[in-house]
There are 2 protein chains.
Amino acid sequence: MKTSNHSPTALLRAHGLRVTPQRLAVAEYVLRKPMHVTARIVHEKIRESYPAISMNTVYLTLGQFERCGLLNRFEVHGNIVFDSNTSPHDHACCNRCGAIIDLDSPRSEPSEQAAPLPEQLRQWQIKAERRIWMGLCPACNAESVL
Amino acid sequence: MKTSNHSPTALLRAHGLRVTPQRLAVAEYVLRKPMHVTARIVHEKIRESYPAISMNTVYLTLGQFERCGLLNRFEVHGNIVFDSNTSPHDHACCNRCGAIIDLDSPRSEPSEQAAPLPEQLRQWQIKAERRIWMGLCPACNAESVL
DNA sequence: GTGGTAGATAGGATGTATTCCTATAAAGGA
DNA sequence: TCCTTTATAGGAATACATCCTATCTACCAC
Ligand SMILES: [Mn+2]
Ligand SMILES: [Mn+2]
Ligand SMILES: [Zn+2]
Ligand SMILES: [Zn+2]
């Protein structure tokens, strides 16, 4: 079993990216498990172990990871969110606390669209479909009743 | 037939908004037909006939219209877009030229969700569902082939 | 009509997320 | 080890949205 192929270092190499401490730190934090992060969150987190990292590097690195297919990007409430779960899925976002959760989409296979492509888009070249439910998460909903 | 009830003036009054020249100008431009506009676009347009209007007033007015249910707000590519088509529908957006089109959703009645509410959201209080297809519109797609 | 008051506007200041620029530093191949 | 290419840090620049406040005005009561 070649675990080296799954290490962050090997992952970077496999995508033609030079292995730098900054990229390793970002990869180890972001790609470890499915998560939703903003550039600011990544910056704050990485600085704990790598205080000199700049915001610019975080943006560049996340953008590269996106271009490599290691991350997806979407927006919610005007913020850019990076998603390390790259399989097709939908989201729900709490309007109050900002929590974002993954939804198990009812798609039988990854390439399948969640919904049939509307008639009007027959001439379009569709790259992505985004679905997001907005509202109050259970915790915030309970608070708002008080 | 009381057409006055459908005039912009009557519309503002019906929603408890004072009738000012600025609000009238915005209402006449934005609520005339279904459209997607940003605050910047509204500002530029209104200034043609009302050069003194400020960006701040445009933001305030659009926000008030939204709270009255006369407009919906969503985001695309980091920009806030106001939609004067307030019936439930989905969108497609061109990644290249930014064009946004309405999609006839396959919803039999306005209150119906376009897709069944996912199991995981049973405890949530959902306020809105957003669906957007991203890609290249026919015109931009043709250009990209050249 | 007039006057008073609550609400609206203009203009500018402020905040914040993202991108751009550039000199320096470092990765990795020869 | 050296060299070339690429990455990084830091700061400037941009762009959008919101906040603040003095002035103005719509409109209601009289
Ligand atoms: Mn996700
Ligand atoms: Mn629309
Ligand atoms: Zn919440
Ligand atoms: Zn286009």
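Throughout, protein chains are lettered first and strands after them, A, B, ... in sequence-line order, and every chain is numbered starting at 1. Just the heavy atoms: all of them, side chains too, but no hydrogens, waters or symmetry mates, feed the values below.
- Contacts of R40(A) with the nucleic acid, taken as non-hydrogen atoms under 4.0 Å apart, are absent.
- In this structure, L62(A) places its CG atom 15 Å from C1' of dA7(D), rounding to the nearest Å.
- Nucleotide dT18(C) holds its C1' atom 15 Å from the CD1 atom of I80(B), rounded to whole Å.
- In this model, the phosphate group of dA9(D) is approached by a side-chain N or O of T57(A) to a distance below 4.0 Å at OP1 or OP2.
- One finds no salt bridge joining R32(A) and E28(A) here, because no Lys/Arg side-chain nitrogen approaches an Asp/Glu carboxylate oxygen to under 4.0 Å.
- Across the protein-nucleic acid pair, F65(A) atom CZ and dA7(D) atom P stand 12 Å apart, rounded to whole Å.
- Taking only side-chain atoms of N79(A), from C-beta outward, the nucleotide of dA17(C), dA9(D), dC27(D) with the closest atom is dA17(C).
- In this model, the phosphate group of dT9(C) is approached by a side-chain N or O of T20(B) to a distance below 4.0 Å at OP1 or OP2.
- Here the P atom of nucleotide dA6(C) and the CG atom of L17(B) are 18 Å apart, to the nearest Å.
- OP1 and OP2 of dA6(C) both lie 4.0 Å or more from every side-chain N or O belonging to R18(B).
- More than 12 heavy atoms of other residues, nucleotides or ligands shown are found within 6.0 angstrom of CD on E44(A).
- For Q22(B), no side-chain nitrogen or oxygen approaches OP1 or OP2 of dT25(D) to under 4.0 Å.
- As a whole-Å value, the separation of H77(A) NE2 from dT18(C) C1' is 19 Å.
- Between A39(A) and Y50(B), the one whose closest nucleotide on DNA chain C sits nearer the 5' end is Y50(B).
- Taking the six-membered ring where the residue is Trp, the centroids of F82(A) and H36(A) are separated by 6.0 Å or more.
- Within 4.0 Å of A52(B), counting heavy atoms only, lie sugar-phosphate atoms of the nucleic acid but no base atom.
- Checking the phosphate oxygens (OP1, OP2) of dT6(D), no side-chain nitrogen or oxygen of Q64(A) falls inside 4.0 Å.
- As a whole-Å value, the separation of L24(A) CG from dA26(C) C1' is 14 Å.
- Atom CZ of R23(B) and atom P of dT25(D) are 15 Å apart (whole Å).
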Kindly determine whether L103(B) and H91(B) satisfy side chain to side chain contact (heavy atoms under 4.5 Å, CB included), including the steps that lead there. CA-CA 5 Å; L103(B) 297 174; H91(B) 292 102; 5.8 Å; no
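- Here P51(A) lies out of heavy-atom contact (under 4.0 Å) with every strand.
- Ion pair R96(A)/E143(A) flagged as a salt bridge, since at least one NZ, NE, NH1 or NH2 atom sits closer than 4.0 Å to an Asp/Glu carboxylate oxygen.
- For the atom pair H89(A) NE2 and N72(A) CG, the distance stands at 7.5 Å (nearest 0.5 Å).
- Put simply, R13(A) has a side-chain N or O that comes within less than 4.0 Å of OP1 or OP2 on dG28(C).
- At dA17(D), one or more side-chain N or O atoms of Y59(B) fall inside 4.0 Å of OP1 or OP2 (strictly under the cut-off).
- The distance between atom CD1 of I41(B) and atom C1' of dA15(D), rounded to the nearest whole Å, is 15 Å.
- Set against dT9(C), dC20(C), dA17(C), the side chain of N56(A) has dC20(C) as its closest nucleotide.
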